There are 4 protein chains.
Amino acid sequence: MSPRRRDAEGTATARAGRRTELLATAAEVFASRGYAATTVREVADAAGILGGSLYYHFDSKESIVDEILSTFLDDLWARYDEVLGAGLGARETMERLVVESFRSIDRHRAAVVIYQNESRHLSEGPRFAYLRESWDRFERMWGELLDRGIKENAFRSDLDVPLVYRFLRDTVWVAASWYRPGGRLTADEVAERYLGMVLEGIRAPKG
Amino acid sequence: MSPRRRDAEGTATARAGRRTELLATAAEVFASRGYAATTVREVADAAGILGGSLYYHFDSKESIVDEILSTFLDDLWARYDEVLGAGLGARETMERLVVESFRSIDRHRAAVVIYQNESRHLSEGPRFAYLRESWDRFERMWGELLDRGIKENAFRSDLDVPLVYRFLRDTVWVAASWYRPGGRLTADEVAERYLGMVLEGIRAPKG
Amino acid sequence: MSPRRRDAEGTATARAGRRTELLATAAEVFASRGYAATTVREVADAAGILGGSLYYHFDSKESIVDEILSTFLDDLWARYDEVLGAGLGARETMERLVVESFRSIDRHRAAVVIYQNESRHLSEGPRFAYLRESWDRFERMWGELLDRGIKENAFRSDLDVPLVYRFLRDTVWVAASWYRPGGRLTADEVAERYLGMVLEGIRAPKG
Amino acid sequence: MSPRRRDAEGTATARAGRRTELLATAAEVFASRGYAATTVREVADAAGILGGSLYYHFDSKESIVDEILSTFLDDLWARYDEVLGAGLGARETMERLVVESFRSIDRHRAAVVIYQNESRHLSEGPRFAYLRESWDRFERMWGELLDRGIKENAFRSDLDVPLVYRFLRDTVWVAASWYRPGGRLTADEVAERYLGMVLEGIRAPKG
DNA sequence: AATGAATGAGTCTTCATTCAT
DNA sequence: TATGAATGAAGACTCATTCAT
């Protein structure tokens with residue numbers, strides 16, 4: 001690699017790095033104060049620059065959340081698609097989807113919190129059509145998986161699928177509101193315990 | 001009872017009725033658009049009056065959410081306290097708490113949504129100390145209940161109590177985001193299925 | 001007329017009156033400082049209210065110019081249409097159009113100045129399509145009138161119609177930049193002298 | 001001439017050339033969007049550089065218009081002064097002034113548009129005193145010329161001089177708003193037709 | 001009880017300008 | 001010469017709140 005090339009890459013990387021940095025900062029602030037209640041100035045303060053300076057990097061407050069959420073969802077669906085394409089049985093698929101979900105909470109905690117709290121309101125605008133689409137794919141994915149699991153005798157046959165889908169969906173994501181990377185449990189450990197609870201129930205086995 | 005008094009009471013009742021009406025309207029709007037993102041004017045529009053007119057009934061936007069949330073929590077804890085005071089076993093206590101929770105979603109859907117979405121942010125202000133208190137009572141209540149249930153051999157002894165507490169807590173309340181009174185299932189039916197899932201798990205029983 | 005009705009009308013009139021007042025003030029300020037260079041605050045100052053208060057009456061700065069210009073053009077075309085519908089000869093039609101133009105400068109001086117200075121820029125937005133339409137009608141009107149006048153032998157046959165059209169068009173409206181209602185000459189007097197100049201030329205008659 | 005000197009001159013010339021280029025670009029943009037409504041960034045975009053880079057060449061946005069307008073006016077008055085110093089009769093003087101005016105529109109179209117649209121507002125600042133002076137010289141020049149023409153029996157004796165002055169003044173310059181160098185008519189042809197109209201009028205000669 | 005008009009602080013955003021590189 | 005990142009003042013607009021009627 002010539003020095004020239006290294007330089008050019010260095011600059012491009014630096015630029016992308018600054019963006020990523022600002023997005024991470026913004027995500028943190030949006031997650032903790034709420035998107036609507038957060039002022040652009042607060043985001044800028046947290047980034048150590050002035051309010052107006054953010055607009056050198058981003059078009060608008062909205063485009064900031066947009067980028068935060070779409071980055072998260074792109075990453076998430078890439079992992080999900082890998083799992084779904086692996087040709088596994090329903091229960092193993094479900095287990096791995098749950099693991100990937102908790103891992104994505106680990107990587108994108110702030111984004112997940114925003115997704116959880118704001119996507120319902122944001123998805124009304126045309127700019128956020130992808131949120132609705134993601135939502136729908138989610139619903140289809142879990143619905144089909146539960147149905148398949150029942151057929152494969154992996155899940156109980158008396159499940160109320162739409163209801164279970166809702167609980168699984170929400171239950172995974174709300175974890176973002178309390179999970180702290182580097183805390184007592186790793187993402188994989190949380191996933192394991194969560195699966196234990198969901199699959200086996202919490203009642204003591206009859207003796 | 002003199003006619004005078006009846007009049008006075010009639011007026012007072014009418015006034016209280018109007019208040020309740022306005023609170024219900026406001027709760028609905030706050031729930032669907034988010035508290036911070038909702039303008040006083042939107043609430044007033046939904047109530048068919050002008051923005052300024054709301055201030056005849058309430059001191060401020062904040063005092064409106066305040067009243068919505070405290071009404072809901074007062075009612076909720078009254079029911080919880082009844083259950084807790086009944087001297088039941090851990091599992092039955094848990095079952096009845098879940099049932100009361102879903103019933104309260106049925107009665108206060110909008111308030112629960114607001115509680116779910118905004119209480120973290122709101123509870124920072126001094127006016128909303130009761131939200132933090134309620135949160136703490138919640139945590140203690142479930143923690144003690146789970147511990148007791150394990151001792152009583154009602155729940156599996158290998159539960160990760162803090163984790164299970166979090167899942168139970170969130171899992172119940174997020175139901176407010178999709179539950180519609182008068183829908184396919186009554187609150188009690190949802191509670192029953194939910195309990196089935198949580199207690200027994202979703203995995204098909206072996207052999 | 002009952003007192004009730006008088007009251008209602010009084011209120012409606014007062015409301016419309018306030019709007020008209022604010023529009024007149026805004027037009028004056030836009031005309032003297034230029035639309036883009038005028039701040040909403042300057043308009044509000046001139047009206048004796050605060051900047052934000054203007055938004056009780058109008059949606060945006062743009063909607064203010066919009067209303068100023070469309071009011072002026074509606075009035076202008078109503079008068080033009082009367083003249084055009086009167087079945088007069090080309091020269092008399094032209095004379096009366098010029099008179100009506102100067103009269104409209106008298107009634108809508110500020111609006112005409114704005115129209116003159118800003119319509120080119122404004123008409124690019126979709127909201128101001130009517131400016132382009134008015135412009136086109138103008139062009140057609142004068143083109144046809146000049147052609148007809150030449151056929152009727154009212155105007156010289158060697159006129160370069162597109163060129164003359166342009167001069168007539170601009171020449172009339174720029175008068176708004178110096179005409180002051182209540183000055184040395186009335187609108188009708190200016191029109192008369194203007195017509196003398198345009199029709200007969202300024203060169204001394206030979207012989 | 002040493003190579004060194006040639007180089008230095010070459011560089012100086014190149015620099016001056018870049019300046020001129022940028023000024024032409026800026027003039028075009030100011031003319032089409034309006035000075036106040038044009039951002040420095042738009043000018044830079046049109047020149048293919050970044051916003052901040054303009055400040056290597058110019059002190060401020062204001063100094064750019066300043067240079068555009070003063071260049072134009074210097075050139076214009078140099079030509080006018082030649083005509084005025086030639087000792088011609090009033091009518092020939094007037095004809096040649098008009099010709100020079102249209103020629104200057106040909107050479108400085110964008111500058112003339114800016115002059116026409118913005119000089120009233122700009123001339124309020126101290127930096128643009130020369131605009132007011134030019135305006136005054138203009139007025140005196142035309143006033144004296146018309147008076148002299150009447151005395152010399154070149155123009156009709158019943159002219160309303162202040163009025164005719166205004167029409168001549170504006171009428172010539174507004175041509176900049178539609179004239180396109182290289183169009184159907186050359187500047188001299190437009191001048192000729194314009195003079196025909198102004199001198200002889202547009203009415204068909206009697207009998 | 002409610003209206004209509006206004007307030008004034010604050011929000012998002014723009015933009016001329018600066019400056020290290 | 002030009003770039004990229006930032007500044008900071010100002011601009012349009014919003015909105016909770018007030019108050020005379």
Side-chain angles (χ1 to χ4, degrees), chain A residues 7 11-12 14-15 18-19 21-22 36-44 47-64, chain B residues 11 14-15 18-19 21-22 35-44 47-64, chain C residues 7 11-12 14-15 18-19 22 36-44 47-64, chain D residues 11 14-15 18-19 22 35-44 47-64:
Chain A
D7 267 27
T11 307
R15 201 167 313 170
R18 186 68 175 125
R19 248 189 117 73
E21 223 174 275
L22 291 172
T38 299
T39 71
V40 167
R41 206 181 160 265
E42 284 167 339
V43 173
I49 57 179
L50 290 180
S53 304
L54 271 180
Y55 288 82
Y56 178 77
H57 302 277
F58 304 99
D59 284 345
S60 63
K61 186 186 176 188
E62 208 187 46
S63 82
I64 297 177
Chain B
T11 307
R15 197 168 308 171
R18 185 69 175 126
R19 246 188 118 72
E21 226 174 273
L22 290 171
Y35 171 70
T38 299
T39 71
V40 168
R41 210 183 159 263
E42 284 167 339
V43 173
I49 58 179
L50 288 184
S53 305
L54 270 180
Y55 287 81
Y56 178 80
H57 302 277
F58 304 98
D59 284 346
S60 63
K61 186 186 176 187
E62 209 185 43
S63 80
I64 298 176
Chain C
D7 268 26
T11 307
R15 200 168 312 170
R18 186 69 176 125
R19 250 190 115 74
L22 291 171
T38 298
T39 70
V40 167
R41 210 184 156 262
E42 284 168 339
V43 173
I49 58 180
L50 289 180
S53 304
L54 270 179
Y55 289 81
Y56 178 77
H57 301 277
F58 303 98
D59 283 345
S60 63
K61 187 186 174 188
E62 208 186 46
S63 83
I64 298 177
Chain D
T11 307
R15 197 169 306 172
R18 186 69 175 125
R19 247 189 118 71
L22 291 171
Y35 171 71
T38 298
T39 72
V40 167
R41 210 182 159 263
E42 283 167 339
V43 173
I49 58 179
L50 287 185
S53 306
L54 270 180
Y55 287 80
Y56 178 80
H57 301 278
F58 303 99
D59 284 347
S60 64
K61 186 186 177 188
E62 210 187 43
S63 82
I64 298 177

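Heavy atoms only: backbone and side chains are in, while hydrogens, waters and symmetry mates are out. Order of the sequence lines sets the chain letters (A, B, ...), proteins ahead of strands, with each chain counted from 1. Keep in mind it's a predicted model, so treat the numbers as computed, not measured.
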**Asked** Is the distance from OP1 or OP2 of F:dA6 to the nearest side-chain N or O of A:Arg18 less than 4.0 Å?
**Response** yes
**Asked** Of the candidate nucleotides F:dA2, E:dT3, E:dG4, which contains the atom at the shortest distance from the side chain of C:Tyr56?
**Response** E:dG4
**Prompt:** Roughly how many Å is it from NE2 in A:His57 to P in E:dT13, rounded to a whole number?
**Reply:** 15 Å
**Item:** Protein proximity profile, nucleotides 13-21 of chain F - base contact B, sugar-phosphate-only contact S, no contact -, cut-off 4.0 Å on heavy atoms
**Value:** BBSSBB---
**Prompt:** Taking a pair as Watson-Crick (N1 to N3 plus N6-O4 or O6-N4) or G-U wobble (N1-O2 and O6-N3), both under 3.5 Å, which stems of 3 or more consecutive pairs involve DNA chain F?
**Reply:** E:2-21 with F:2-21
**Interatomic spacing from CG in D:Leu50 to CZ in D:Arg41 - rounded to 0.5 Å** = 8.0 Å
Can you give each donor-acceptor pair under 3.5 Å made by side-chain atoms of residues 53-62 of chain C, sequence neighbours left out, with the distance rounded to 0.1 Å?
{"unit_1": "C:Ser60", "atom_1": "OG", "unit_2": "C:Glu62", "atom_2": "N", "d": "3.4"}
{"unit_1": "C:Ser60", "atom_1": "OG", "unit_2": "C:Ser63", "atom_2": "N", "d": "3.1"}
{"unit_1": "C:Lys61", "atom_1": "NZ", "unit_2": "C:Tyr35", "atom_2": "O", "d": "3.1"}
{"unit_1": "C:Lys61", "atom_1": "NZ", "unit_2": "C:Thr38", "atom_2": "O", "d": "2.9"}
{"unit_1": "C:Glu62", "atom_1": "OE1", "unit_2": "C:Arg127", "atom_2": "NH1", "d": "3.2"}

**Asked** Can you name the nearest heavy-atom pair linking D:Ala47 to D:Leu22, along with the distance?
**Response** CB-CD2, 3.6 Å
**Prompt:** So what does C:Leu50 touch, heavy atoms closer than 4.0 Å: a base, only the sugar-phosphate, or nothing?
**Reply:** base
**Item:** Whole angstrom value for the distance that separates P of E:dT14 from CZ of A:Phe58
**Value:** 15 Å
**Asked** Just how far, in rounded Å, is P of F:dT1 from CZ of D:Arg19?
**Response** 11 Å
